[in-house]
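Read through the structure below, which is laid out as structure tokens, and then see the notes.
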Amino acid sequence: VQLQASGGGLVQAGGSLRLSCAASGSIFSFNIMGWYRQAPGKQRELVALISNIGSTNYADSVKGRFAIFRGNAKNTQYLQMNSLKPEDTAVYYCCGYSGSTYWGQGTQVTVSS
């Protein structure tokens with residue numbers, strides 16, 4: 001199973017980005033999908049999770065600004081990021097969980113002030 005994340009880039013503070021993640025090689029649906037991020041010198045931290053029935057969970061730092069949702073295609077997900085701040089700068093990793101956790105390769109998000 002491979003997860004491919006895309007959509008990162010450079011944006012000014014206050015701007016928006018949408019990250020995408022698609023899994024290939026899987027015959028099952030992930031129970032939970034989500035996004036984590038890791039800034040330089042910091043530990044990887046949870047950004048958002050979504051279950052297969054649409055329940056969501058967000059880090060306090062992104063509540064009201066980010067939205068996670070699943071696509072129509074199996075094992076696809078998106079992270080809509082609005083009102084971006086410089087402190088959102090990090091490598092964003094998508095993941096999927098179904099008994100085991102599978103990770104994507106990461107996509108860089110840089111927010112300039």
Side-chain angles (χ1 to χ4, degrees):
V1 178
Q2 292 186 326
L3 280 74
Q4 181 73 36
S6 61
L10 173 64
V11 64
Q12 288 188 330
S16 299
L17 282 175
R18 176 177 291 190
L19 305 183
S20 302
C21 178
S24 60
S26 170
I27 62 172
F28 54 82
S29 294
F30 290 120
N31 295 330
I32 297 173
M33 298 192 78
W35 295 90
Y36 285 72
R37 67 186 180 186
Q38 188 167 17
K42 296 186 177 181
Q43 291 187 331
R44 189 173 297 190
E45 63 176 4
L46 169 69
V47 177
L49 298 173
I50 185 167
S51 74
N52 54 3
I53 59 171
S55 299
T56 58
N57 184 37
Y58 294 95
D60 288 342
S61 59
V62 306
K63 282 181 181 177
R65 299 188 298 121
F66 291 11
I68 186 172
F69 54 100
R70 299 181 78 148
N72 292 327
K74 186 177 70 175
N75 293 336
T76 60
Q77 62 165 328
Y78 304 90
L79 184 68
Q80 178 66 42
M81 306 186 294
N82 300 325
S83 302
L84 283 161
K85 304 176 180 180
E87 51 263 43
D88 296 318
T89 295
V91 177
Y92 284 70
Y93 298 89
C94 64
C95 65
Y97 175 80
S98 185
S100 298
T101 302
Y102 299 86
W103 293 95
Q105 86 287 3
T107 184
Q108 176 71 47
V109 172
T110 303
V111 184
S112 63
S113 58

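Counting from 1, the numbers follow the sequence of the chain as shown. These numbers were taken from a predicted model, which means no experiment stands behind them.
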Identified side chain to side chain contact (heavy atoms under 4.5 Å, CB included) counterpart of Leu17 within the set Thr110, Thr107, Leu84: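 Of Thr110, Thr107, Leu84, side chain to side chain contact (heavy atoms under 4.5 Å, CB included) with Leu17 is met by Leu84 alone.
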Salt bridge flag under 4.0 Å for residues Lys85 and Asp88: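 No salt bridge links Lys85 with Asp88.
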Side chain to side chain contact (heavy atoms under 4.5 Å, CB included) assessment of Asn52 paired with Met33: CA-CA 8 Å; Asn52 54 3; Met33 298 192 78; over 6 Å; no
Within one Ile-Leu-Val-Met-Phe-Trp-Tyr cluster: Ile50 and Val62, side-chain cutoff 4.5 Å: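 Yes, Ile50 connects to Val62 through the hydrophobic network.
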Ser6 and Gln4 side chains, donor-acceptor separation under 3.5 Å: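 No donor-acceptor contact under 3.5 Å links the two side chains.
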Where the side chain of [X] meets the backbone of [Y], is there a donor-acceptor pair that is under 3.5 Å apart?
| X | Y | result |
| --- | --- | --- |
| Asn75 | Phe28 | yes |
| Gln108 | Gly8 | no |
| Tyr58 | Gly64 | no |
| Arg37 | Thr89 | no |
| Gln105 | Ala5 | yes |

Residue among Tyr97, Tyr102, Trp103 satisfying ring-ring contact (aromatic ring centres under 6.0 Å, His included) with Phe30: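 So, applying the ring-ring contact (aromatic ring centres under 6.0 Å, His included) to Phe30 and each of Tyr97, Tyr102, Trp103, only Tyr102 qualifies.
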Partner residues of Lys74 under the side chain to side chain contact (heavy atoms under 4.5 Å, CB included) criterion, sequence neighbours left out: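 Once residues adjacent in sequence are excluded, the partners of Lys74 under the side chain to side chain contact (heavy atoms under 4.5 Å, CB included) criterion are Ser29.
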Between OG on residue Ser98 and CD1 on residue Ile32, distance to nearest 0.5 Å: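 So the gap between those two atoms works out to 9.5 Å.
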Candidate pair Tyr78 and Phe69, rule ring pair (Phe, Tyr, Trp, His ring centres under 6.0 Å), full reasoning: CA-CA 5 Å; Tyr78 304 90; Phe69 54 100; 5.3 Å; yes
Any side-chain heavy-atom pair of Tyr93 and Leu19 under 4.5 Å: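 Result no, sub-4.5 Å side-chain heavy-atom pair not found.
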